J.: 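My questions will all concern the structure given below.
Keep in mind the model is a prediction, meaning the values are calculated, not measured. Values reported hereafter were calculated over all heavy atoms of this structure, with side chains retained and with hydrogens, waters and symmetry mates removed. By convention in this document, chain letters (A, B, ...) are assigned in the order of the sequence lines, proteins followed by strands, and residues within each chain are numbered from 1.
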Amino acid sequence: MPESPKIFTLQQVVSSIRKTIEERYQQLYWVKAEMHKLNRFASGHCFPELLQKENGRIVAQIRGTIWNHQFEQINQRFIQVVKEPLKEDTTLLMQVKVTFHESYGLSLQIVDIDPNYALGELQRERQETLLKLQKEGLLNANQQLSFPLLPKRVAVISADSSKGLSDFMQVLDKNEWNYTFFTMLFPAYLQGDNAASSIIQQLERIKKVLHHFDVVVIVRGGGGEVGLSCYNDYELCKAIASFPIPVLTGIGHSTNLTVAEMIAFRNAITPTELGDFLIQAFHNFSFPLKDATKSIKYYAVSRVEEEKNALVNLSRHCRSGAQQAVFNNGQQLIAKSREVSSNVRYALQHNGQQIRLHAQNAQRASTYLFNTNRKLVEQLSIDVPRTAKNQFLLKKSELDNLLHSVQLMDPINVLKRGFSITTLNGKTIKSTNKAQKGDKIITKTANFSIESEVTEITKTP
Amino acid sequence: MSKDIKYTDAFDELKQIVADIEDGEISVDELSIKVKRASELIKLCKAKLTSTEEDVNQILKELEG
Amino acid sequence: MSKDIKYTDAFDELKQIVADIEDGEISVDELSIKVKRASELIKLCKAKLTSTEEDVNQILKELEG
Amino acid sequence: MSKDIKYTDAFDELKQIVADIEDGEISVDELSIKVKRASELIKLCKAKLTSTEEDVNQILKELEG
Amino acid sequence: MSKDIKYTDAFDELKQIVADIEDGEISVDELSIKVKRASELIKLCKAKLTSTEEDVNQILKELEG
Amino acid sequence: MSKDIKYTDAFDELKQIVADIEDGEISVDELSIKVKRASELIKLCKAKLTSTEEDVNQILKELEG
Amino acid sequence: MSKDIKYTDAFDELKQIVADIEDGEISVDELSIKVKRASELIKLCKAKLTSTEEDVNQILKELEG
C-alpha cells in the first residue's frame with residue numbers, strides 16, 4: 001500500500017546524485033572521444049561536446065569541461081607536439097574526472113589531453129587522405145599536367161597581409177630581366193580550421209576564369225609552424241590534385257610535408273623559392289631564344305661560308321678541269337700533227353725506195369738480158385764454125401767413102417786379087433750369053449788374056 | 001606572321017628551325033627564309049616574356065558574372 | 001639564265017658540269033659553252049650567297065639590336 | 001674550209017687522214033692535198049683550242065675578279 | 001711526156017716496164033726504148049716525190065712554226 | 001747488109017743459119033756464103049748489144065746520179 | 001772437065017755412078033770408064049771442099065779477130 005511518498009527537495013536529490021557520483025567516480029579516467037565542439041566561452045573556459053560515433057550514428061554523448069587554465073596548458077603542449085592547436089572534430093585521448101554540479105549537471109571535466117595521441121590521429125588522417133587520393137588515382141594528377149612554357153599568369157591564393165605573399169610578389173615584380181607576370185590575388189585563410197574550405201572556395205573561383213591563368217600558387221609565410229594540418233585535409237587535397245592547371249605551393253614551414261604539398265605540381269619551401277621557380281621557368285624560355293640567335297648566327301653564317309668555300313673549290317676544279325681538257329686536246333693535236341709529218345715522210349720515203357728498187361730491178365733485168373743475149377750470140381758464133389767444120393768433115397768422109405767404093409769397084413783391082421773375066425764373043429757369059437761345047441772363050445786376067453775351048457758345061461750350084 | 005600563333009608553337013617551330021640550321025639541312029635557298037622566320041619567332045617569344053594582356057577588372061567581371 | 005633558278009639546282013648543275021669537265025667527257029666544242037654556263041652558275045651562286053649572307057646579317061643585326 | 005666545222009669532226013677527219021697515210025692508202029698524188037687538208041684541220045683545231053682556252057680563262061678570270 | 005701524168009699512173013707504168021724487163025719479155029731492140037721510158041717515169045716520180053715532199057715540208061713547217 | 005736489120009731478126013736468121021748448117025741442108029756451094037752471112041749477123045748482134053747496153057747504162061747512170 | 005761444074009752437081013753425078021755400079025747395072029765393059037769419071041768427080045769435089053774450107057776459115061778467123 002502506498003505510503004505517503006517522501007518528498008525530497010531538488011537540491012536533496014541532486015546533492016545525493018552528486019554524492020553518489022563523487023563516491024562512485026573518485027578516480028581520473030582516460031577516455032577516447034571525439035571532441036565535437038570546443039565551445040570556448042569568453043571566460044576562457046571550454047565546454048566541448050564529446051561524442052562517440054559508430055557507423056555515423058552517435059552512440060554516446062556527454063558534455064565536457066575544460067577550465068581556462070587547463071585549456072591553456074593543454075593547448076600549449078598541443079602546439080608544441082602536434083604543431084596544431086586543439087581543434088574541434090578530432091578524436092582525442094583525454095584524462096577526465098566525472099563531475100556533477102548541482103546547477104550544471106553531469107560533465108566530464110577534462111584535466112589533460114594526450115597530444116601524442118592527437119598527433120597519431122593527425123598522422124592517420126594524413127595517411128587516410130593519401131590513401132583515398134591514391135585509390136581515386138588523383139595522387140599524381142596535378143603533377144602529371146604539363147607545365148606551361150611560360151607561367152606568366154599566376155592566380156595567387158594567399159592572405160592579403162601575408163608576409164609570404166609580399167616575398168613572392170617581390171621576386172616576381174622586381175626581377176632584373178623585366179619578365180612580366182600577371183598576378184591576381186584570391187584571398188583565403190591559409191591555416192587553421194577555416195583554411196581548407198577557404199582555399200577550396202578560391203580554387204573554385206579560379207576555375208571559373210581558368211583561361212586567364214597558367215598556374216595557381218598557394219603562398220603562406222611568417223605564420224609559424226602551427227595550424228597546417230588543414231593541408232592534409234582530404235577535400236582540399238582532392239581539389240588541388242584534380243585542379244586542371246598546375247597548383248604550386250609555397251607554404252613556408254620546415255616540418256613534415258603536408259599532403260597538399262606532396263600532391264601539388266610543385267612545392268617550394270618558401271614563397272621566395274616559389275617565385276624563383278617561376279623566374280627559372282622564364283629563364284628556361286628565354287635562354288633558348290638567346291641561344292637560338294647565337295646558333296642561327298653561327299650556323300647560318302658558317303653554312304654560307306661553307307657554301308662559299310664549296311663554290312670556290314668547285315670553280316677551281318672547273319678551271320683546272322677545263323685547262324686540263326684544253327691541254328689534253330692540245331697534246332692530242334700535237335701528237336696527231338707529228339703523226340702526219342712522220343707518216344707523210346715515211347710514205348714519201350717508201351715511195352722513193354720503191355722507185356729506187358724498181359730502177360735497180362730494171363738495171364738488173366737489163367743486165368741479165370744483155371748477158372743472156374751475149375751468151376746466145378757467143379754460142380751461135382761458136383756454133384757457126386763448129387757446124388761448118390762438121391759439114392766439111394762430113395762431106396770429106398762422104399767423098400772418101402765414095403772414093404773407096406769407086407776404087408773397090410774398079411775391075412783392075414778385082415783382077416789384081418786373082419779373079420778373071422771370061423767372055424764369049426766379046427761379052428761376059430750370062431744366061432743370055434750361054435757358051436756351048438766347042439765355043440771359044442777368052443779369059444782375061446790382070447796381066448794376061450787366055451783363049452780356051454769349052455769342053456764341058458755344068459750348072460753352078 | 002599572325003600574332004595569333006601561340007608562343008608555344010612559335011617556340012617549338014623555332015627549336016625545329018634552329019635544329020635544322022644546326023644540322024646543315026637547310027639549303028641556301030631556304031636559309032634566309034628560315035632565318036627570317038626564326039627571327040620573327042624569336043621576337044614573338046621575347047615579346048611574350050615582357051608583356052601581359054590580362055586585365056584584372058575583366059577577370060573580376062567574369063567572376064561576378 | 002633566269003634568276004629564278006634555285007641555288008641548290010644551280011649548284012648541282014655546276015657540280016655536274018665540273019664532274020663532266022674533269023672526266024674529260026666534254027668535247028672542245030662544248031667546253032667553252034659548258035664553262036660559260038659554269039661561270040654563269042658560279043656568278044649566280046655567288047650572288048645568291050651574298051644576298052643570303054646580307055639578309056642573314058641584316059636579320060641577325062635586327063635581332064641583336 | 002668553213003670555221004663552222006666542229007673541233008670533234010675536224011679532229012676525227014684529221015685522225016682518219018693520219019690513219020690513211022699510215023695505212024699507205026693515200027697515193028703520192030693525193031698526199032700533198034691530204035697533208036694540206038690535215039694542216040688546215042690542225043690549224044683549225046689549234047685555233048679552236050686557243051679560242052676555247054681564252055674563253056675559259058676569260059670567263060674564269062671574271063669569276064675571280 | 002706530159003707533166004700532167006699522175007704519179008700513180010707513172011708508177012704503175014714503171015712497175016709494168018720493170019716487170020716486163022724482169023720477165024724477159026722485152027727484146028733487146030725494145031729494151032733501150034723501154035729503159036728510156038722507165039727512166040723518164042722514174043724521173044717524173046722522183047720529181048713528183050720531191051715536189052710533194054717540198055709541199056709537205058712547207059705545210060708542216062708552217063704548222064710547227 | 002743494111003744496119004737497119006733488127007737484132008731479133010738478125011738473131012733469128014743467125015739461129016736459122018746455124019740450124020741449117022747443122023742439118024747439113026746447106027750445100028758446100030752455099031756454105032761459105034752462109035757462113036759469111038752468119039759472121040756478119042754475129043757482128044751486127046754484138047754491136048747492137050753493146051750499143052744498147054751502153055745506152056741503158058747511160059740512162060740508168062743518169063737516174064742514179 | 002770444067003771447073004765451073006758445081007760441087008752439088010759433081011757430087012750428084014758421083015753418087016749416081018756409084019749407085020749404078022752398085023746396082024750392077026753397069027757392065028764390066030763400061031765400068032772402067034765410069035770409074036774413071038767417078039775418080040775425076042771426086043778430085044773435083046775435094047778441090048771445091050778444100051777451097052771452100054779455106055774461105056770459111058778465113059771468114060771465121062776474121063770473126064774471132
J.: Please name the pair of heavy atoms, one in E/Lys46 and one in A/Ile355, separated by the smallest distance, quoted to 0.1 Å.
T.: N-CD1, 4.1 Å

J.: Measure A/Arg364 against the heavy atoms of chain E and call it side chain, backbone, both or neither at under 4.5 Å.
T.: side chain

J.: Under 4.5 Å heavy-atom distance to chain E, tell me which part of A/Arg345 shows up: side chain, backbone, both or neither.
T.: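 Contact with chain E: side chain only.
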
J.: Measuring only between side-chain heavy atoms, which start at C-beta, is A/Leu369 closer than 4.5 Å to E/Ile21?
T.: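 Sidechains of E/Ile21 and A/Leu369: no contact.
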
J.: With respect to chain A, which residue among E/Ile59, E/Leu31, E/Val56, E/Ile42 yields the maximal number of heavy-atom pairs within a distance under 4.5 Å?
T.: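 Top option by heavy-atom pairs under 4.5 Å: E/Leu31.
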
J.: Is it the backbone or the side chain of A/Asn351 that comes under 4.5 Å from a heavy atom of chain E, or both, or neither?
T.: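 Backbone plus side chain of A/Asn351, per the 4.5 Å heavy-atom cut-off to chain E.
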
J.: Around A/Arg338, counting heavy atoms of other residues, nucleotides and ligands shown, do more than 12 lie under 6.0 Å from its CZ?
T.: no

J.: Has A/Lys336 got more than 12 heavy atoms of other residues, nucleotides or ligands less than 6.0 Å from its NZ?
T.: yes

J.: Between E/Ile26 and chain A, with a heavy-atom cut-off of 4.5 Å, which part of the residue counts as in contact: side chain, backbone, both or neither?
T.: backbone

J.: What is the distance from atom CD of E/Glu54 to atom CG of A/Leu348, rounded to the nearest 0.5 Å?
T.: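 Between atom CD of E/Glu54 and atom CG of A/Leu348 there are 11.0 Å.
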
J.: Measure distances from E/Leu49 to the heavy atoms of chain A and classify the residue's part below 4.5 Å as side chain, backbone, both or neither.
T.: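 Contact with chain A is through both the backbone and side chain of E/Leu49.
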
J.: If you draw a 6.0 Å radius around NZ in E/Lys34, do more than 12 non-hydrogen atoms from other residues or ligands fall strictly inside?
T.: no

